[in-house]
Amino acid sequence: MTAALLVDSDPELANQHALSAARRAGRVAVVRETAAITAYRLGDFATALRELRTYRRISGRNDQLPMMVDCERGLGRPERALELGRSVDRAALETPVQVELAIAMSGARLDLGNSTAALGELEIPQLDPSTAYSWSPALYSAYAATLEELGRQDEADEWWARVDRAAEALAEAAEDDAWETVDVVEEALEDDEFDNGLDDVDDSGDDELDADELDADEPAAGHVSELGDDDELDAAPGDEPGEIDDDNPRDVDGSAAD
């Protein structure tokens, strides 16, 4: 998809492509997910939240729940963010999604001025200073920043150092696995060939959103809002592939907790 290729270099153009695809293939989960991600990158949290709700309804997956929580934060609604994050069984989520959700929930606690509770959200089993996984640097960073909020600078400095060590270990692991990398060549399709393929897609339900999803709330500065109900909260968990194989972690020298 063109949107995926452009999301880093030109997120605005990527979002335009993604929304166009969503209008033409609205029942395809990955299309709605891509539209959500590109909108999120632009700070359009209303569109991102709407598309993520549709993606979850179509796919039955909760793998993008942390982004939904973060969208609520971006719209200036930390209480709703916390409510949404608590609406699923975290143990049923894949480990990387659990970590992302803990970070998002911690941020919502910080939005409410409760740094102690924010730190507690991050104190999960995955906060292991002795082993680096793909999600470790982000988790360590959030923990260090929250310690700083609490005025515990010495402890924060230790965790910032662990961020660097984890990143170095992961970079080394990526280099070791570089020989497994393969080149993928995508063949461009003619416009009319692409259009013919879309003719078979039933788009009749593109914009069949719940009534509440059509309500737009004014966001905090720089954000746009559009919400729906969270009534499909018992959806099956989704898989979230990590950048590093969690079964083969890299030990981080000198990073064990004192």
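Note that the coordinates shown come from a computational prediction; the quantities given were computed from them, not determined experimentally. Reckoned from all heavy atoms, side chains included, excluding hydrogens, waters and symmetry mates.
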If you round to the nearest 0.5 Å, how far is [atom2] of [Y] from [atom1] of [X]?
| X | Y | atom1 | atom2 | answer |
| --- | --- | --- | --- | --- |
| T146 | L122 | OG1 | CG | 5.0 Å |
| S130 | R165 | OG | CZ | 11.0 Å |
| L84 | R80 | CG | CZ | 8.5 Å |
| L82 | R77 | CG | CZ | 13.0 Å |
| R50 | R32 | CZ | CZ | 7.0 Å |

>> Hydrophobic clusters here meaning ILVMFWY residues chained together by side-chain heavy-atom distances under 4.5 Å, can you tell me if V99 and L127 are in one?
In response: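 Same cluster.
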>> Are Y143 and L110 linked, directly or through intermediate hydrophobic residues, by side-chain heavy-atom contacts shorter than 4.5 Å (ILVMFWY only)?
In response: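 Shared cluster, no.
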Quick one, [X] and [Y] - any side-chain contact, counting heavy atoms below 4.5 Å?
| X | Y | value |
| --- | --- | --- |
| Y133 | L139 | no |
| W160 | S141 | yes |
| M68 | R53 | yes |
| Q98 | I124 | no |
| E148 | Q153 | yes |
| Y40 | L52 | no |
| D63 | Y55 | yes |
| M67 | I37 | yes |

>> Donor-acceptor pair, distance only, cut-off 3.5 Å: does the side chain of T34 make one with the backbone of V30?
In response: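 Here the side-chain-to-backbone pair exists.
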What are the two closest heavy atoms between [X] and [Y], and how far apart are they?
| X | Y | value |
| --- | --- | --- |
| A48 | C71 | CB-SG, 3.7 Å |
| Y140 | P129 | OH-CA, 3.5 Å |
| E51 | A36 | CB-CB, 3.6 Å |
| G85 | L101 | O-CD2, 3.9 Å |
| P66 | A104 | O-CB, 3.8 Å |
| W159 | A144 | CB-CB, 3.8 Å |

Donor-acceptor pairs under 3.5 Å, side chain of residues 114-121 to any protein atom, not counting sequence neighbours: which ones?
unit_1, atom_1, unit_2, atom_2, d
N114, OD1, A117, N, 3.1
E121, OE1, R90, NH2, 3.2
E121, OE2, R109, NE, 3.1
E121, OE2, R109, NH2, 3.2

> In chain order, what residues pass the salt bridge (Lys or Arg N to Asp or Glu O under 4.0 Å) check against R152, with sequence neighbours excluded?
Replying inline: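 In terms of salt bridge (Lys or Arg N to Asp or Glu O under 4.0 Å), with neighbours along the sequence ignored, R152 is linked to E155.
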>> List the residues meeting side chain to side chain contact (heavy atoms under 4.5 Å, CB included) with D89, not counting sequence neighbours, and say none if there are none.
In response: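 Per chain and number, D89 pairs via side chain to side chain contact (heavy atoms under 4.5 Å, CB included) with A91, A92.
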>> Walk me through whether D70 and E100 qualify under side-chain contact (heavy atoms from CB on, under 4.5 Å).
In response: CA-CA 10 Å; D70 219 34; E100 291 173 7; over 6 Å; no
